[in-house]
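Both counts, for ligands and for their atoms, begin at 1 and track the order of listing. Nothing fancy with the numbering, it's 1 onward along the sequence.
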Amino acid sequence: MADASLKRVLVTGGAGFLGSFLCERLVEQGHDVICVDNFFTSQKFNVAHLLDKANFELIRHDITHSLWIEVDEIYNMACPAAPGHYQYNPIKTMKTSILGATNMLGMAKRTGAKVLQASTSEVYGDPEIHPQPESYRGNVNPIGTRACYDEGKRAAETLFFDYHRKNKVNIRVVRIFNTYGPRMHPFDGRVVSNFIRQALQGEDLTIFGDGSQTRAFCYVDDLVEGIIRMMNGPDDFVGPVNLGNPGEFTIKELAELVIELTGARSKLIYRSLPADDPTQRKPIIDLAREKLGWEPKVPLREGLVQTIEYFRGINFADFRAPTPNY
Ligand code: NAD
Ligand code: UDP
């Protein structure tokens, strides 16, 4: 008899950095996993090792267009996440968040699937309170260059909660804080991937602004564990819940750590700060601790060692820069 705990699971954006680890974990658990991706910011490389598994399928599809698959659970991860990627085609970014969420919620409504939204700490914008609890409503510039992502994700949260209230869709919303690890795109322009690639290629590390802005970095394994716990958590806890590592570092501290761990001779060079770049960010994760029994375990130094090892093993020339920005 089939194991009733095994589910048919759809992961949108499943070939991306986070999505690929999520697919891998779900495949290992024995679920029937369907990965949907349009490969805008990723490549099949990330899921190539899953292609010969009997419980894994890969579909090239853009979630702004409708899709009909009968599944038990949907992890909606599809959306460009690095500023350079989401700003490349900001209108498409917003469509991916809003039309993508609408399509997934519509599918969930009709099939009765449970659906989880990968939201973001960017819903807090450039936060005026620090650290950030889920109750903080944010400080987002609605007409700035980050708005396509921030406001798209905020609108997606609204759609999730309205489908939940009006149509009884079983939802989960996680607000993900900066996450890093192997399989980040080496040319995505995000700070961890940029610094490691620059250090390994003997380039100087580019600090935007004076490097005093802070971020809290979560290792991918910890984050994926939190996402899965949230999906499997009690139905009366739909979120939003912060998932991130509360360890806070300045960008300059991160650069110095990358130089130390790679043994690079790179120097720090200073570039202008992008518009609306948040000055500080750090999650309060009391809710995740209480409701999910979750907290991150991997310290930054340890996670960076793993990430550097991955970057040492790839050939940068194999990676197509997804946008002309990099
Ligand atoms: P990523 O860019 O590596 O992955 C996103 C994936 O979505 C890619 O494979 C991309 O090709 C795919 N995609 C984009 N638009 C699509 C569309 N219209 N149709 C189908 N597929 C599409 O980024 P990531 O870091 O893995 O982020 C995954 C999710 O987590 C995103 O929704 C992002 O907003 C969210 N998130 C990530 C972080 C982080 O630090 N990594 C932080 C907050 C939120
Ligand atoms: N940053 C930097 N140098 C880089 C890339 C990013 O100093 O080469 C800074 C960026 O300005 C921001 C922080 O690092 O203050 C995190 O940037 P990232 O794009 O990784 O994520 P986000 O700003 O979305 O948190």
Side-chain angles (χ1 to χ4, degrees), residues 11-23 35-44 46-47 59-65 67 75-87 89 92-93 95-97 99-101 103-104 116-123 126 146 149-150 152-153 156 174-181 183-185 188-198 203-218 220 223-224 227 242-244 249-252 254-255 258 268-281 322 326:
V11 181
T12 74
F17 160 50
L18 296 180
S20 64
F21 281 98
L22 188 56
C23 285
C35 166
V36 162
D37 207 298
N38 70 350
F39 303 111
F40 172 46
T41 59
S42 59
Q43 325 189 54
K44 277 183 233 162
N46 281 347
V47 288
I59 301 173
R60 182 187 288 261
H61 174 79
D62 181 326
I63 63 155
T64 62
H65 301 285
L67 177 71
Y75 289 86
N76 189 34
M77 310 297 292
C79 187
H85 290 171
Y86 66 65
Q87 288 164 358
N89 185 343
K92 181 64 194 267
T93 298
K95 284 184 178 173
T96 295
S97 276
L99 298 179
N103 286 331
M104 292 309 125
L116 177 144
Q117 168 68 357
S119 191
T120 168
S121 53
E122 284 282 323
V123 299
D126 188 2
R146 293 176 88 103
Y149 183 72
D150 301 8
K153 289 284 188 179
V174 295
R175 291 182 178 156
I176 303 169
F177 284 64
N178 296 65
T179 302
Y180 69 99
R183 296 195 203 136
M184 290 185 90
H185 195 295
D188 68 8
R190 287 191 263 198
V191 70
V192 173
S193 34
N194 240 22
F195 283 176
I196 294 178
R197 183 185 52 76
Q198 288 166 337
E203 295 172 13
D204 291 334
L205 272 55
T206 49
I207 296 207
F208 300 163
D210 64 5
S212 64
Q213 71 271 36
T214 67
R215 294 293 186 274
F217 299 99
C218 186
V220 61
L223 198 274
V224 167
I227 291 181
N242 287 341
L243 294 180
F249 295 83
T250 67
I251 294 307
K252 188 159 181 274
L254 176 73
V258 168
L268 307 185
I269 52 171
Y270 292 83
R271 297 278 178 265
S272 54
L273 191 67
D276 295 332
D277 199 286
T279 49
Q280 53 185 1
R281 184 185 289 154
Y326 295 97

Enquirer: Counting heavy atoms only, name the option from Tyr149, Tyr180, Phe21, Phe17 that's nearest to atom 36 (N) of ligand 1.
Expert: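 Selected option, by shortest heavy-atom distance: Tyr149.
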Enquirer: For Ala78 and ligand 1, does the shortest N/O to N/O distance drop below 3.5 Å?
Expert: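 It does not: no N or O of Ala78 is found under 3.5 Å from an N or O of ligand 1.
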Enquirer: Test your reading of the structure: does Pro80 have an N or O sitting under 3.5 Å from an N or O of ligand 1?
Expert: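 Among all N and O atoms of Pro80, none is under 3.5 Å from an N or O of ligand 1.
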Enquirer: Looking at non-hydrogen atoms alone, which of Ser119, Ala82, Gly152 comes nearest to atom 44 (C) of ligand 1?
Expert: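 When every heavy atom of Ser119, Ala82, Gly152 is considered, Ser119 comes closest to atom 44 (C) of ligand 1.
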Enquirer: Would you mind finding which of Arg190, Arg215, Met184 brings a heavy atom closest to atom 25 (O) of ligand 1?
Expert: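 Checking each option, the heavy atom nearest atom 25 (O) of ligand 1 is found in Arg190.
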Enquirer: Judging by distance only, is a nitrogen or oxygen of Thr96 under 3.5 angstrom from one on ligand 1?
Expert: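 It does: an N or O of Thr96 is found under 3.5 Å from an N or O of ligand 1.
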Enquirer: Do Asp37 and Thr12 have side-chain heavy atoms sitting under 4.5 Å apart?
Expert: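 Side chain of Asp37 against side chain of Thr12, heavy atoms only: no contact under 4.5 Å found.
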Enquirer: Compare Asp62, Ile59, Thr64, Thr93 and give the one whose heavy atom is closest to atom 18 (N) of ligand 1.
Expert: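 Looking at heavy atoms only, Asp62 sits closest to atom 18 (N) of ligand 1.
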Enquirer: Once you round to the nearest 0.5 Å, how far does OG1 of Thr206 lie from CG of Asn194?
Expert: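 Rounded to the nearest 0.5 Å, the OG1-CG separation comes out at 5.0 Å.
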Enquirer: Please round to the nearest 0.5 Å and tell me the distance separating atom NZ of Lys92 and atom SG of Cys79.
Expert: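 Here the interatomic distance stands at 10.5 Å.
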Enquirer: Say you draw a straight line from CG of Asp204 to CZ of Phe195; how long is it, rounded to the nearest 0.5 Å?
Expert: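 Between atom CG of Asp204 and atom CZ of Phe195 there are 11.5 Å.
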Enquirer: Assess Gly100 for proximity to ligand 1: is some non-hydrogen atom of it under 4.0 Å away?
Expert: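 Distance cut 4.0 Å: Gly100 fails for ligand 1.
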Enquirer: Can you confirm, on distance only, whether ligand 1 has an N/O atom lying under 3.5 Å from any N/O atom belonging to Thr179?
Expert: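 Yes; the residue has a nitrogen or oxygen that sits under 3.5 Å from a nitrogen or oxygen of the ligand.
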Enquirer: To check your reading of the model: name the closest protein heavy atom to atom 5 (C) of ligand 1, its residue, and the distance in Å.
Expert: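 Result for atom 5 (C) of ligand 1: Cys79 O, 3.3 Å.
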Enquirer: What does the 4.0 Å heavy-atom contact list look like for ligand 2?
Expert: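 For ligand 2, the contacting residues are Pro83, Glu122, Arg146, Asn178, Gly189, Arg190, Val191, Asn194, Phe195, Thr206, Ile207, Phe208, Gln213, Arg215, Ile251, Pro274, Asp277, Arg281.
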Enquirer: For the residue pair Ser20 / Arg183, report whether a side-chain donor-acceptor contact shorter than 3.5 Å exists.
Expert: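 Yes.
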Enquirer: Who's the nearest protein heavy-atom neighbour of atom 27 (O) of ligand 1, and how far?
Expert: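 Checked against all protein heavy atoms, atom 27 (O) of ligand 1 sits closest to Ala81 CB, 3.6 Å.
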Enquirer: Within the structure provided, determine whether Leu22 and Leu18 are in side-chain contact (heavy-atom separation under 4.5 Å).
Expert: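 Leu22 does not reach Leu18 side chain to side chain.
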Enquirer: Would you say that Gln198 contacts Ile196 through its side chain, given a criterion of any heavy-atom pair below 4.5 Å between the two side chains?
Expert: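 Side chain of Gln198 against side chain of Ile196, heavy atoms only: no contact under 4.5 Å found.
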Enquirer: Quick one: which ligand 1 atoms are inside 4.0 Å of a heavy atom on Phe39?
Expert: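 Answer for ligand 1: 11 (O).
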Enquirer: When you measure from the side chain of Lys252 to the backbone N and O of Leu268, does any donor-acceptor pair fall under 3.5 Å?
Expert: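 Absent.
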Enquirer: Do Lys44 and Phe39 have side-chain heavy atoms sitting under 4.5 Å apart?
Expert: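 Yes, side chains in contact.
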Enquirer: Which distance, rounded to the nearest 0.5 Å, do you find between the OG1 of Thr41 and the OH of Tyr86?
Expert: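 The distance works out to 13.0 Å.
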Enquirer: Provide the number and element of each atom of ligand 1 under 4.0 Å from a heavy atom of Asn178.
Expert: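 Matching atoms, with element in brackets: 40 (O).
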Enquirer: Considering only non-hydrogen protein atoms, determine which one is nearest to atom 11 (O) of ligand 1 and report residue, atom name and distance to 0.1 Å.
Expert: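 Sorting protein heavy atoms by distance from atom 11 (O) of ligand 1 puts Asp37 OD1, 2.7 Å first.
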Enquirer: What's the shortest heavy-atom distance between Tyr149 and Pro80, and which atoms?
Expert: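 Smallest interatomic distance, heavy atoms only, reads CE1-O, 3.3 Å.
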Enquirer: How many angstroms lie between CD in Gln117 and OH in Tyr75, if you round to the nearest 0.5 Å?
Expert: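 Rounded to the nearest 0.5 Å, the CD-OH separation comes out at 13.5 Å.
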Enquirer: Can you tell me if Ser121 and Asn242 form a side-chain donor-acceptor pair at under 3.5 Å?
Expert: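 Per modelled atom types, Ser121 and Asn242 side chains form no pair under 3.5 Å.
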Enquirer: Ignoring angles and geometry beyond distance, decide whether Ile176 reaches within less than 3.5 Å of ligand 1 through its nitrogen or oxygen atoms.
Expert: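 No - when backbone and side-chain N and O of Ile176 are compared with those of ligand 1, no distance drops under 3.5 Å.
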Enquirer: Polar-atom distance check: Lys153 versus ligand 1, any N or O pair below 3.5 Å?
Expert: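 Right, the criterion is met.
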Enquirer: Find all atoms of ligand 1 within a distance of less than 4.0 Å from any non-hydrogen atom belonging to Ala15, and give their numbers and elements.
Expert: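 Counting atoms of ligand 1 from 1, those under 4.0 Å from Ala15 are 9 (O).
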Enquirer: As a check for students: among Asn76, Asn89, Asn38, identify the option with a heavy atom nearest to atom 13 (N) of ligand 1.
Expert: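 Of the listed residues, Asn38 has the closest heavy atom.
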Enquirer: Which residue and atom name correspond to the protein heavy atom nearest atom 31 (C) of ligand 1, and how close is it?
Expert: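 The closest one turns out to be Met77 O, 3.1 Å.
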Enquirer: State, with a plain yes or no, whether a side-chain heavy atom of Thr96 is found less than 4.5 Å away from one of Ile63.
Expert: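 Answer yes - side chains close enough.
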Enquirer: Tell me which protein heavy atom sits closest to atom 4 (O) of ligand 1, plus the residue, atom name and distance to 0.1 Å.
Expert: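 Going by distance alone, atom 4 (O) of ligand 1 is nearest to Gly16 CA, 3.5 Å.
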Enquirer: For atom 8 (C) of ligand 1, what is the closest protein heavy atom, and at what distance to 0.1 Å?
Expert: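 Nearest neighbour among protein heavy atoms for atom 8 (C) of ligand 1, to 0.1 Å: Thr41 OG1, 3.2 Å.
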Enquirer: Just to confirm my output: which protein heavy-atom neighbour is closest to atom 19 (N) of ligand 1, and how far is it?
Expert: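 I find the closest protein heavy atom is Ile63 N, 3.0 Å.
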Enquirer: Heavy-atom pairs closer than 4.0 Å: do any link ligand 1 to the side chain of His61, the backbone, both, or neither?
Expert: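 Near ligand 1, His61 shows its backbone, while the atoms from C-beta on stay back.
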Enquirer: What I want to check is whether the side chains of Gln213 and Thr250 have a donor and an acceptor closer together than 3.5 Å.
Expert: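 Distance-only check fails for Gln213 and Thr250.
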Enquirer: Judged by modelled atom types alone, do Arg281 and Asn178 share a side-chain donor-acceptor pair under 3.5 Å?
Expert: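 A pair is found: one side chain offers a donor N or O, the other an acceptor, under 3.5 Å apart.
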Enquirer: Do the non-hydrogen side-chain atoms of Phe217 and Leu254 ever get within less than 4.5 Å of each other?
Expert: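 The answer is yes; the side chains approach within 4.5 Å.
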Enquirer: Without swapping roles, check the side chain of Thr120 against the backbone of Ala118 for a donor-acceptor pair under 3.5 Å.
Expert: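 Absent.
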Enquirer: Under 3.5 Å between any N/O of Leu18 and any N/O of ligand 1: does that happen in this structure?
Expert: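 There is such a contact, yes.
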